[in-house]
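Following: one structure in structure tokens, then a few remarks.
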Amino acid sequence: MDVPKDQITTLLDHGLHNSAQILGCFLVSSSAVNAETNPHVKAENLVVLGDALFREREYRRAIHTYKQALQHYKIIPKQTTTSSRSSLPTSNRSSSPNSFNISAINENEVKFKIASCHCALSENKAALIEMEGIPSKARNLQMNLLMGKLYRNSRHNRAAISCYKECLRHCPYVFEALTALAELGAAAKDIISLFPQTPNRSGRPPFDHFDSSRWLQRYVEAQCCIASNDYKGGLELFTELLQRFPNNIHIILEVAKVEAITGRNDDAIMSFEKARSIDPYIVTYMDEYAMLLKTKPDHSKLNKLVHDLLTIDPTRPEVFVALCVLWEMKDERGALSYAEKSIRIDERHIPGYIMKGNLFLSMNRPEAAVIAFRGAQELRPDLRSYQGLVRSYLALSKTKEALYAAREAMKAMPQSAKALKLVGDVHASNSGGREKAKKFYESALRLEPGYLGAALALAELHVIEGRNGDAVSLLERYLKDWADDSLHVKLAQVFAATNMLQEALLHYQAALRINPQNEAAKKGLERLEKQMKGVDPDAPEDDDENEVEDADGDQEETELL
């Protein structure tokens with residue numbers, strides 16, 4: 001043959017994909033291989049070219065080439081009609097270049113490659129059609145994992161569970177399958193029972209229940225805890241794993257993600273920073289880190305993070321969410337386009353939906369926000385999607401739906417003070433529910449005494465009902481432990497309302513020292529100066545001030561009280 005096929009494989013092995021696909025073009029167009037007399041050899045050559053195109057990320061061309069290969073593979077050459085029966089394909093005989101009826105290509109593997117191309121193009125339906133053409137007994141580990149992902153994306157959860165279970169029967173260390181099964185509701189003991197127990201050649205089982213592999217069981221238990229919203233249990237198990245595997249980047253990131261989801265922002269920031277100090281080139285969960293950095297007065301870390309991520313890999317969905325976070329402060333529409341881009345790259349990327357929902361809310365589009373938060377919740381319910389739904393429904397004056405979402409959060413996270421506060425926020429949104437709201441806020445503070453959000457919400461209730469003294473005594477208890485600008489703003493507002501103008505001035509100044517960009521503090525100070533001059537500030541400005549204060553203080557629900 002005038003074109004050496006093995007050289008294409010060599011080029012691919014060395015990562016020279018462009019040269020491989022150019023040589024592949026010579027291979028498939030060679031006159032030495034006639035499509036009519038040597039269709040199976042032609043098919044083999046086309047698969048090799050398809051592999052080169054796949055590596056070059058020319059997925060459309062790869063699909064076209066692989067399908068051509070399958071067409072040639074199924075052709076029965078003219079010679080076979082006159083040849084003897086012995087010339088028909090028999091067992092696994094080795095084929096020579098001129099053997100037209102015995103092919104080295106595996107039809108199922110080619111279908112898998114076509115499906116992989118469709119996946120890379122986010123064409124899940126087309127990928128699933130290809131994969132379902134592969135008999136279940138012929139599927140290997142890679143195929144089962146891809147099938148699981150495709151079924152899950154198509155909301156065929158039972159079929160996805162079967163595929164993921166099959167993966168673990170082959171190998172217990174397929175972490176994508178472990179996590180997916182946990183998120184799909186499988187119990188830890190059921191997942192662990194799937195691990196293979198048959199002895200290998202040495203006579204020892206590849207996986208056993210003794211100490212050498214107990215860490216994997218703990219990992220499964222942790223993921224199942226997180227999936228069932230038992231964040232405390234999950235964090236305890238991850239902490240145990242960190243003792244055995246210190247500075248494990250994956251576990252540190254899992255801990256940071258859970259801390260962020262549960263609102264432990266400062267702890268989460270520390271965990272993310274620890275991970276970045278160990279490996280400055282990680283991208284995983286860095287959008288979660290960006291969302292936390294936005295709440296801080298100094299945005300230099302956020303700017304540096306986004307710059308670093310763009311340098312590392314500008315194609316990842318995390319990078320576009322981080323860009324969305326950065327642009328949110330400058331251009332909401334531009335930020336929204338980045339959030340949507342992250343979802344186009346990965347339709348299961350939850351932070352993209354969370355940011356999209358928050359942006360729609362700030363753009364006064366609560367109906368669209370509901371859809372975005374529901375999208376996040378369907379993938380994995382967490383506190384932020386519940387908070388977003390409650391805010392959206394209250395903005396639409398749908399109190400019943402808001403209460404249902406808040407109660408869902410409380411049911412899913414019975415030990416979460418933030419879920420209790422969410423129910424309180426809904427009750428506080430109308431005057432008839434204030435007493436109930438007070439009880440929920442107090443319950444949240446009993447569960448988590450240091451929860452500033454519940455304290456601020458309860459203080460707001462005290463102010464509304466004229467108990468300014470109670471509000472001040474409650475908030476002052478937090479001053480020694482919290483250097484928080486929203487706390488100082490709330491105290492300043494209470495003091496200003498009770499005509500204690502000097503105390504109000506001190507707290508506004510303290511808030512601006514902590515966060516010079518706090519708009520609520522700026523407007524509050526401006527109003528206070530008018531009061532100190534004996535000028536009565538107009539009511540609309542007062543309303544504006546409270547709205548901005550709630551947003552900047554990250555008390556997203558209290559603006560709806």
Side-chain angles (χ1 to χ4, degrees), residues 229 231-232 235 258-268 292 295 382-391 393-394 399 402-403 405-431 433-494 507 511 514 520 546-547 549-561:
N229 300 303
Y231 296 113
K232 184 180 178 185
L235 284 173
V258 173
E259 288 170 338
I261 286 170
T262 53
R264 294 170 54 182
N265 293 359
D266 290 338
D267 292 339
L292 294 172
T295 66
D382 68 41
L383 187 71
R384 297 168 304 178
S385 57
Y386 285 122
Q387 287 174 329
L389 281 172
V390 168
R391 291 175 61 208
Y393 284 133
L394 288 178
T399 309
L403 190 58
R407 283 175 176 165
E408 258 191 288
M410 191 173 67
K411 186 178 178 181
M413 294 170 270
Q415 297 303 310
S416 170
K418 292 167 182 65
L420 285 171
K421 176 190 174 286
L422 205 52
V423 181
D425 290 338
V426 180
H427 287 304
S429 66
N430 65 82
S431 56
R434 286 175 190 159
E435 195 56 39
K436 283 185 179 179
K438 183 168 174 275
K439 289 176 181 176
F440 276 102
Y441 292 149
E442 288 171 345
S443 296
L445 288 171
R446 279 194 298 273
L447 193 62
E448 192 180 324
Y451 181 20
L452 182 60
L456 288 168
L458 183 56
E460 178 69 15
L461 270 187
H462 287 322
V463 171
I464 289 170
E465 298 187 338
R467 298 189 298 271
N468 289 357
D470 290 345
V472 169
S473 60
L474 172 65
L475 294 173
E476 284 183 336
R477 291 206 298 270
Y478 288 83
L479 280 176
K480 62 179 184 295
D481 298 320
W482 287 87
D484 186 276
D485 50 323
S486 61
L487 175 58
H488 285 287
V489 167
K490 184 59 69 180
L491 271 166
Q493 289 173 341
V494 178
H507 283 290
I514 296 167
N546 285 330
E547 284 179 19
E549 170 258 318
D550 286 332
D552 273 23
D554 200 28
Q555 300 307 311
E556 296 178 335
E557 292 82 20
T558 53
E559 67 184 314
L560 302 162
L561 294 177

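Only a predicted model underlies this, so the values are computations on that prediction, with no experimental measurement involved.
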Out of curiosity, [X] [atom1] to [Y] [atom2], how far, rounded to the nearest 0.5 Å?
X      : Y      : atom1 : atom2 : answer
Ile261 : Leu383 : CD1   : CG    : 9.5 Å
Arg407 : Met410 : CZ    : CE    : 7.0 Å
Leu420 : Lys439 : CG    : NZ    : 14.0 Å
Glu408 : Leu389 : CD    : CG    : 8.0 Å

For residues [X] and [Y], report the shortest heavy-atom separation together with the two atoms involved.
X      : Y      : result
Ala260 : Ala268 : N-CB, 3.6 Å
Val426 : Ala402 : CG2-O, 3.8 Å
Asp425 : Leu394 : O-CD1, 4.4 Å
Pro414 : Leu447 : O-CD2, 4.4 Å
Leu487 : Leu456 : CA-CD2, 4.1 Å
Leu461 : Ala428 : CD2-CB, 4.4 Å

Using side-chain heavy atoms (C-beta onward) and a distance below 4.5 Å, is [X] in contact with [Y]?
X      : Y      : answer
Leu422 : Tyr386 : yes
Ser443 : Arg446 : yes
Leu403 : His427 : yes
Asp382 : Tyr231 : yes

- Note on the structure: When Lys490, Arg467, His462 are each screened for side chain to side chain contact (heavy atoms under 4.5 Å, CB included) with Leu474, the one that passes is His462
- Item | Ion pair Lys438/Glu442, N-O distance below 4.0 Å | yes
- Under 3.5 Å, is there a donor-acceptor pair between the side chain of Asn468 and the main chain of Ala471?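 It does not hold such a pair.
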- Item | Ser416 side-chain N/O to Met413 backbone N/O, donor-acceptor pair under 3.5 Å |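 No; zero donor-acceptor contacts below 3.5 Å.
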- Message: Here's one to test your reading of the geometry: is the NZ or CZ of Lys421 within 45 degrees of the ring axis of Phe440 and under 6.0 Å from its centre?
- Response: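 Cation-pi check for Lys421 and Phe440: fails.
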